*Asks:* 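If you scroll down you'll find the structure; I have some questions about it.
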Amino acid sequence: MSSSSSTSRGSDAASSLPIKLDGTNYPHWLAQIVPILQSRNLMGYVDGTKPCPDYYVTDHQGKITFTVDPAYDRWIREDRMVQSWINASLAPSVLSVVAIATSSRTAWLSLEERYASQSRNLDSGTTSPPPPPGSGGSSPNDNDKGIGNLYGGNNGATSPSGPSHPSSYDVFLSFRGEDTRRTFTDHLYTAFVRAGLRTFRDDDELRRGENIKPELLRAIKESKCSVIVFSREYASSLWCLDELVMILDRKRTPDSNHVVLPVFYDVLPSQVRKQKGSFATAFARHEHETHESMDDIKRWRAALTEVADLAGMVLQNEADGHEAKFIQKIVKVIEDKLSRRPLNVAQHLIGMDYLVEEINSNLWLQDESNDVGIHAIYGMRGTGKTTVAKSVYNSNFRRFEASSFLENIKGSSEQSNGLVQVQKQLLSDILDGREVKISGVSEGITKVEDAISSKRILLVLDDVDHMDQLLDVVLGMKDRCYPGSRIIITTSNVGLLRADRYRVIKVHGIRTFTDGESLELFSWHAFGKDRPTESFMEISKKFVDHCGGLPLALKTLGSSLSGQSMDLWKSQLQKLEAFPNDEIMNKLRISYDSLQDDHDRNLFLHVACFFVGMDNDVIVKILDGCGFQTIIAIQNLLDRCLIRIDRCNKLQMNHMIRDMGRGIVRLESRQPGQRSRLWNPKDSYEVLTEQSGTKNVEGLILDMRMHPGYSVLLRSDYKPPLETNAFARMKRLMLLQLSHVQLQGNYQEFPKGLRWLSWHQSQLEFLPNDFPLKSLIVLEMCYSSLRRVWNQRTEYLPTMKIINLSHSHDLTETPDFSFVPNLEVLIMKDCLSLVDVHESIGNLEKLSEVNMEDCKNVRKLPDISGLELLEKLIISGCSNLNDFPVDMRNMKSLKVFRADGVPFHQLIPLGQQSIPELFWTSYLPSNLVDLSLGHCNLSDDDFPGAFKNLSSLRNLDLSGNLLQSLPNCIRGLTKLYTLSFSQCTRLRYLVRLPKVGERIVISGCSSLEKISYQSISYRPTRFVIGSNWKLALLQGCFKFETIDAFDDAEMIKLLCLTNWASMRIIMDTTHDALVNAAETEKTKQPIKALYENGIFSTFLPGDQVPREFIHYIDGVSISYTVPLLPNLKIRGLNVFAVYTKSDTPRYSYSARDSSLRPIMGQVDNKTSGVAWTYGPLYYGVPSDGEDVTWLSHWRFGDQLRGGDEVDFLVLPKPEILVKKCGIQVVYEQGERSWRSYTEDPFYPNVIAGEESVYGFKWDRRGTYFITHSTPGPTADYITNHFASDFNYLRRIT
């Protein structure tokens, strides 16, 4: 029986099958289809026992003859007919499962993977699936092969792990390796990969041990296009010529849309077409030396002629011969030729590139794992989440078989039949534009599940807002998605991601913009460039400040002001202060409207009007007293990204979000007195002076300093007070904040329901007896004229929890605390006249915080040892305290104790000093977490071994003490997070430091010479340094010592410094010592060597160029191409610069730019797009009329390769004039690796990429600022204060 007739009858039979596979009847469908396939000898196509023959015929030696095998064409025809027959046996609802199948085998495996569980479920029971009607009761043996595959059995055939795909690669890259592998082709390959194009090149993709010809042919067949790089010696490679023939055969295949792009690198198309020049030489060698067959010669010549006639790209004719630009054009041509196009994204991805790079670089999208990953980007509205998602999508969508970006799901789902439309769009994207009919959401879910289970997809769900959207759509998809698929979510509701079941989702928050980023984005939209026009600079900064770092506001306002006059700019700014932009507010209000009830919305309005910047714990106490369930409501606001809680526990809100909330309140009435909340000083003053307040008013703020007429009142001799009866009609007033306001009258009609009274600069000497305090929770009378809090008051105030009387300089006594039995917080900072504290404080059982900082005249504290809930005790600055009868040993709740400036160690109980075990440290509770004893005159001998018993200590501040070295007992503290020795001017050594998790402060330690750790892994995240004139060793960062004491002989030899070890002296200093020249005497020192962050530097007197440098130039920059020497391993670069004092400095040093080094260098690898900027901590100071040579070695490891184009640029401050500079590549010597001082594991020895570079990456394309100083100069700082002098900061746009 012929195959064609067999298949024909099979097709007829398929159309009349009694059972169509509909997704629920797979075992029955299988039972009828397998016997039919077997009877027609077609089963081998689907079970893999009849694989596809090779495309070309091979001879008896196994060599490809380039003659198409007839068996290949026959197999393709028959397999397509079998695949059509299988499709005809499927119900319409199942067709999507095999939509991308390229053969009957892949269709079969797709169905198996999707529905085989039904067969396994039946197989685990006691019965077999019944035979289909009309099958004649076929026995199980008849179905052996098919059922074996689907039921988990083994029929002897090898089954791949998953279905193969029609296009495994976007680009097949053909080139002659010896010519361009490490140069042009490598850069082209990198550009393709960065563009998201999956690219094949033989050294990356072919696995060892496989027959390379069939693998190569497979790669060509499975690529969408081929890019052929023609170089001079291309025709010398028989491999390349065979490859070219295969590519053109692939292009000529029927129904092929394979794209071929010839790239003529260093040859012309005419040389390829006519085989002239080097091509002629190559063919002569093939014909006369290697004696290749004439058939092969003819085939190769014909292929070269054919490909040269195709539309190609010639380096000499494109981009003026610049390779980088040429490569960009090639990538764009390929992208245009491929059908899938990227989304439209903002041209200037400012302030968001860090997140795009993080998502792209962490291999989450680009790895080849079979896990279905979900990534969520969350943040407040208007911060650019959608822009980030689009950018990530554009970088990666070509790596997947299908992709879909579903924008604004929240808005779409709220429309009529909205979710159905979303599902239709998703199906259309995945199924290559095919329209699918859906009658309802449930049906849509089923069809979406079928579609996503058959392809590896990239799916972006933008603006997911509700729990049901996430539960039903995302997590359901995860379980159904084809292995290796990826899902990205953007949301303004981070609460969706908190549940335990969402731990599988990788989350990342998006931040608002920094000042520098904000100004740049605003400028692009307002001026079409990265900085404002000079005359508009100051007013631009005011608009930027108003926007609060919100990209939405920056774009909207910038665009609206573009091309407008200065008068209009000023008018718009004044308008914004009173009336926020409606377009921005309407978009931001979506999050407010999405809050689940009026309870949360009302609390949000309270926060927006009154509480931004306040301590969150205080806010909770106040609003709880106002009837709110504050903790859950604040969590809901956090989830909606409407607020945030900073590291100091302050509640913060973006300016634009705050203005949106206040705008909602403003809409309540055109009359301020009719509104629920008053915060504008002009409105509040008007309501109080006109006494127009009503019962609607729940809160009021009036700070007279913010009133437009305050300056006039200050100059006036008469300042009329406001009347207390102005508050009489505000019966529901609960929140009152006054500053520089004087009230006149009695308080009998004052609102009785006040929960929060904050009255700064009150002139009252005490609160009157008729002042309503009964409901008060928080009383704040800071900077007041109070002498005492109240006068002979006898009523209990059970609701009062917080009293803050700070900076009340006339306060002489505290109140009797027995009238406030539930007090939790007492703050009396800087109460200079306070002498005694009422002893009743010791009876406040709920008191958790006492802060008496800078109460300088307090001489004695009552005994508060019995306060079991006290967590924080601050007595810093109580310098006259001479009696401390507090035994803190049993205060188990105490976590924070600060006694700076108090000789606490001398205040132990009288008569106990002579007992060793009662040394002062024994009075500290072991549960302390935060201890500050700065400026307490503590010396080395004042620290007993028992100090290490403070095992819970995380923050220790010993600033300003008399220490000379690190007390040994501190080395035993294992949980330290911060450690401060600031202003310890006698401190010389910090040796064997314990592990400190975050920060060590050594600023002002002018005698400090050496810092080391018990282990290099104990290095803190940050060092705060400054005025450390003598510091010569900071382990893991730098070492600074004289050359004659230097122990790296190879480095001395490498830089030819042997003769300098005993040479004349040179003046050197740190950059900050030069800034503060009055504070330190600059002295001449022997020539020294500096190791810092993988870079060696020394400064030599004079201007002699080292003889090893043959590449140098007069000026501040030099370009250099690294030689191609394949047998030598690159070690790094030597660079030098000769400089002197500038005769015409543009400005002198100031505190503004003191953190920038006086001289810096930048090595810029133009080829890789990565640059490193570094300034040495110490540098040579030229004397008048003399020169200094900076000689430096930068070790780069694998960051430099032969052929790289490298620039070296010297970046001096205005006081320095650079005369010349040079560069030299250095290679490893012989077989052994370079051994240097920096190979000590305590020191970095290689400048590398983002993973190991010290300092920070400050621009969005790969420029690193190398520094050990933290926090050091930030990217914004450098851009704002340095870019005007050096254009290098804007080299990458």
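The structure displayed is predicted, hence computed values, not measured ones.
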*Asks:* List the steps, then state whether side-chain hydrogen bond (donor to acceptor under 3.5 Å, both in side chains) holds for Lys892 with Asn927.
*Replies:* CA-CA 7 Å; Lys892 301 303 181 183; Asn927 42 273; 5.0 Å; no

*Asks:* Between Asn636 and Gln596, what is the shortest heavy-atom contact and its length?
*Replies:*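 Distance-wise, the nearest heavy atoms are ND2-NE2, 3.5 Å.
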
*Asks:* Flag yes if more than 12 heavy atoms outside Glu686 fall under 6.0 Å of its CD atom; otherwise flag no.
*Replies:*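 Count over threshold, so yes.
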
*Asks:* What do you reckon, is CD of Glu868 surrounded by more than 12 foreign heavy atoms closer than 6.0 Å?
*Replies:* no

*Asks:* To the nearest 0.5 Å, tell me how far Thr724 OG1 sits from Gln744 CD.
*Replies:* 8.0 Å

*Asks:* Do Arg755 side-chain atoms and Ile622 backbone N/O form a donor-acceptor pair below 3.5 Å?
*Replies:*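 It does not hold such a pair.
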
*Asks:* With ring centroids as reference points, do Phe611 and Trp756 lie under 6.0 angstrom apart?
*Replies:*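 Yes, the ring centres sit under 6.0 Å apart.
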
*Asks:* Does Lys860 reach the main-chain N or O of Val858 with its side chain, forming a donor-acceptor pair under 3.5 Å?
*Replies:* no

*Asks:* Between Trp759 and Val741, is there a donor-acceptor pair closer than 3.5 Å when you use the side chain of the first and the backbone of the second?
*Replies:*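 Side chain of Trp759 to backbone of Val741, a donor-acceptor pair under 3.5 Å: yes, one is there.
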
*Asks:* When you compare the side chains of Asn843 and Ser840, does any donor N or O come within less than 3.5 Å of an acceptor on the partner?
*Replies:* no

*Asks:* Can you check side chain to side chain contact (heavy atoms under 4.5 Å, CB included) on Arg898 and Asp930, steps first, answer last?
*Replies:* CA-CA 8 Å; Arg898 297 174 187 164; Asp930 188 323; 3.1 Å; yes

*Asks:* For the pair Lys829 and Asp854, find out whether any cationic side-chain nitrogen is under 4.0 Å from an anionic carboxylate oxygen.
*Replies:*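 No salt bridge links Lys829 with Asp854.
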
*Asks:* Do other residues, nucleotides or ligands put more than 12 heavy atoms under 6.0 Å from the NZ atom of Lys752?
*Replies:*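 Yes, NZ of Lys752 has more than 12 neighbouring heavy atoms, counting only those of other groups under 6.0 Å.
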
*Asks:* Between Gln652 and Asp646, does the side-chain hydrogen bond (donor to acceptor under 3.5 Å, both in side chains) criterion hold? Intermediate values first, please.
*Replies:* CA-CA 7 Å; Gln652 305 293 352; Asp646 65 18; 3.1 Å; yes

*Asks:* For Leu603 and Ile634, work out which heavy atoms get closest and say how close.
*Replies:* CD2-CG1, 4.2 Å

*Asks:* Can a donor-acceptor pair be found, under 3.5 Å and without considering hydrogens, that links the side chain of Ser739 to the backbone of Asp703?
*Replies:*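 Looks like no, no N/O pair under 3.5 Å.
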
*Asks:* Are the side chain of Asn602 and the backbone N or O of His599 linked by a donor-acceptor pair below 3.5 Å?
*Replies:*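 A pair under 3.5 Å: no.
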
*Asks:* Can any side-chain N or O of Ser684 pair as donor or acceptor with the backbone N or O of Leu702 at less than 3.5 Å?
*Replies:*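 Looks like no, no N/O pair under 3.5 Å.
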
*Asks:* Kindly check if the number of other-residue, nucleotide or ligand heavy atoms within 6.0 Å of CD (Gln629) is above 12?
*Replies:*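 For Gln629, atom CD is not crowded (no more than 12 foreign heavy atoms under 6.0 Å).
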
*Asks:* Between Asn880 (side chain only) and Lys856 (backbone N and O only), is there a donor and an acceptor less than 3.5 Å apart?
*Replies:* yes

*Asks:* Output yes when Glu824 and Lys621 qualify as a salt bridge under the 4.0 Å nitrogen-oxygen rule, no when they do not.
*Replies:*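 Lys621 and Glu824: salt-bridged.
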
*Asks:* In terms of side-chain geometry, is the basic nitrogen of Arg675 or Asp683 positioned less than 4.0 Å from the acidic oxygen of its partner?
*Replies:*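 Salt bridge: yes.
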
*Asks:* Within the supplied structure, the quantity of interest is the number of heavy atoms (other residues, nucleotides, ligands) at a distance under 6.0 Å from Ile631 CD1; does it exceed 12?
*Replies:* no

*Asks:* Looking only at heavy atoms, what is the nearest atom pair of Ile664 and Arg589, with distance?
*Replies:*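 Closest approach of Ile664 to Arg589, heavy atoms only: CG1-NH1, 3.7 Å.
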
*Asks:* To the nearest 0.5 Å, what is the distance between NZ (Lys872) and OG (Ser848)?
*Replies:* 9.0 Å

*Asks:* Could you tell me whether Lys774 atom NZ has more than 12 heavy atoms of other residues or ligands within 6.0 Å of it?
*Replies:*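 Atom NZ in Lys774 is crowded, with more than 12 foreign heavy atoms closer than 6.0 Å.
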
*Asks:* Tell me if the CD atom of Glu839 is crowded by more than 12 foreign heavy atoms within 6.0 Å.
*Replies:* no

*Asks:* Please report the closest heavy-atom contact between Leu867 and Ile841, naming both atoms and the distance.
*Replies:*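 The answer is CD2-O, 3.8 Å.
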
*Asks:* Is the shortest distance from a Lys or Arg side-chain nitrogen in Asp598 or Arg601 to a carboxylate oxygen in the other one below 4.0 Å?
*Replies:* yes

*Asks:* Could you give the distance from CG (Leu870) to CD (Glu845), rounded to the nearest 0.5 Å?
*Replies:* 13.5 Å

*Asks:* Hey, does the side chain of Asn616 reach the backbone of Val618 with a donor-acceptor pair shorter than 3.5 angstrom?
*Replies:*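 No.
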
*Asks:* Before giving the answer on side-chain hydrogen bond (donor to acceptor under 3.5 Å, both in side chains), spell out for Ser758 and Gln737 the whole-Å C-alpha distance, their side-chain angles and the decisive distance to 0.1 Å.
*Replies:* CA-CA 5 Å; Ser758 176; Gln737 183 180 359; 4.5 Å; no

*Asks:* Going from CG on Asn746 to CD on Glu749, what distance comes out if it is rounded to the nearest 0.5 angstrom?
*Replies:*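 Nearest 0.5 Å value for the CG-CD distance: 7.5 Å.
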
*Asks:* Let me see the working for Leu637 and Phe604 under side chain to side chain contact (heavy atoms under 4.5 Å, CB included), right down to the final yes or no.
*Replies:* CA-CA 7 Å; Leu637 300 187; Phe604 167 78; 3.9 Å; yes

*Asks:* Please check this pair: side chain of Ser808 against backbone of Asp810, looking for a donor-acceptor N/O pair closer than 3.5 Å.
*Replies:* no

*Asks:* Between Ser833 and Thr812, do the side chains contain an N or O donor and an N or O acceptor separated by less than 3.5 Å?
*Replies:*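 Per modelled atom types, Ser833 and Thr812 side chains form no pair under 3.5 Å.
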
*Asks:* Can you name the closest pair of heavy atoms from Tyr747 and Pro772 and give their distance?
*Replies:* O-CD, 3.9 Å

*Asks:* Do Ser775 and Thr799 have side-chain atoms, one donor and one acceptor, less than 3.5 Å apart?
*Replies:* no

*Asks:* Atom CG in Leu811, atom OG in Ser806: separation rounded to 0.5 Å?
*Replies:* 10.5 Å

*Asks:* I'd like to know if the side chain of Asn654 reaches the main chain of Gly548, judged simply by a donor and an acceptor atom lying under 3.5 Å from each other, with no hydrogens or angles considered.
*Replies:*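 Indeed, once roles are kept as given, a pair shorter than 3.5 Å links the two residues.
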
*Asks:* If you take all heavy atoms of Asp830 and Cys855, which pair is closest and at what distance?
*Replies:* N-SG, 4.2 Å

*Asks:* Nearest 0.5 Å please: distance from the CE atom of Met660 over to the CE atom of Met585.
*Replies:*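 So the gap between those two atoms works out to 7.5 Å.
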
*Asks:* Exactly one of Arg677, Arg732, Gln674 should register a side chain to side chain donor-acceptor pair (under 3.5 Å) with Asn696. Which one does?
*Replies:* Gln674

*Asks:* Are more than 12 heavy atoms, taken from residues, nucleotides or ligands other than Met888, located less than 6.0 Å from that residue's CE atom?
*Replies:* yes

*Asks:* Hey, do the aromatic rings of Phe628 and His606 have their centres closer than 6.0 Å?
*Replies:* yes

*Asks:* Using side chain to side chain contact (heavy atoms under 4.5 Å, CB included), reason through Arg729 and Gln691 one step at a time and then give a plain yes or no.
*Replies:* CA-CA 8 Å; Arg729 296 170 59 192; Gln691 299 188 12; 6.0 Å; no

